[in-house]
J.: 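What follows is a single structure, and I will ask about it in a moment.
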Amino acid sequence: MAWVLLLVAGLLEVAWSIGMKYTEGFTRLWPSVFTGLGIVASMMLLSQAAKTLPIGTAYGVWVGIGAAGAAVLGMVVLNEPVTAARIFFVCLLLVAVVGLKATSGH
């Protein structure tokens, strides 16, 4: 169950990081509210997952999902540059996330 919580926490991190783009510096009310709720929910789920998973693993996987997801959505949704190098490094992030999970002992 901790891995499911961690996955959802990571997906929420992707959502709030992309949501920050729409807050315009937290000057727009509803995007700011949803982004803030996403941050809180993501952190709460991370803390629940970290009760049973090693914190280094939980935090690393959470950050990896968030960073990779934000980069991919940035390219797909926000028209950020799509280059071979960016795709390569997103793949490296995903390899690191899988490696942390595989070596966590859980």
J.: Any donor-acceptor pair under 3.5 Å linking the side chain of Thr23 with the backbone of Arg28?
T.: no
J.: Any salt bridge (Lys or Arg N to Asp or Glu O under 4.0 Å) involving residues 71-91? Give me the pairs, sequence neighbours left out, ordered by first then second residue.
T.: Glu80-Arg86
J.: With side-chain contact (heavy atoms from CB on, under 4.5 Å) as the criterion, how do Phe26 and Thr35 come out once you've worked through the C-alpha distance, each side chain's angles and the decisive distance to 0.1 Å?
T.: CA-CA 9 Å; Phe26 291 99; Thr35 297; 4.2 Å; yes
J.: Applying side-chain contact (heavy atoms from CB on, under 4.5 Å), run through Glu13 and Leu46 and close with a yes or a no.
T.: CA-CA 10 Å; Glu13 185 185 8; Leu46 171 63; over 6 Å; no
J.: Quick check: are there more than 12 heavy atoms from other residues, nucleotides or ligands sitting under 6.0 Å from CE of Met75?
T.: yes
J.: Quick one: does any side-chain atom of Ser42 pair with a main-chain N or O of Ile39 as donor and acceptor, under 3.5 Å?
T.: no
J.: Please report the interatomic distance CH2(Trp62) to CG(Leu5), rounded to the nearest 0.5 Å.
T.: 14.0 Å
J.: If hydrophobic clusters are built by linking Ile, Leu, Val, Met, Phe, Trp and Tyr wherever their side-chain heavy atoms come under 4.5 Å apart, do Met1 and Leu7 end up in the same one?
T.: no
J.: What's the spacing between Leu12 CG and Met44 CE if we round to 0.5 Å?
T.: 11.5 Å
J.: Would you check if Val61 and Trp3 make a side-chain contact, meaning some heavy-atom pair closer than 4.5 Å?
T.: yes
J.: In Å, rounded to the nearest 0.5 Å, how long is the span from CG of Leu29 to CZ of Phe34?
T.: 9.0 Å
J.: Under the side-chain contact (heavy atoms from CB on, under 4.5 Å) test, which residues partner Ala15, sequence neighbours left out?
T.: none
J.: I need the Leu6 CG to Leu11 CG distance, nearest 0.5 Å.
T.: 9.5 Å
J.: Yes or no on side-chain contact (heavy atoms from CB on, under 4.5 Å) for Tyr22 and Leu78, after CA distance, side-chain angles and deciding distance?
T.: CA-CA 11 Å; Tyr22 296 97; Leu78 302 174; 3.3 Å; yes
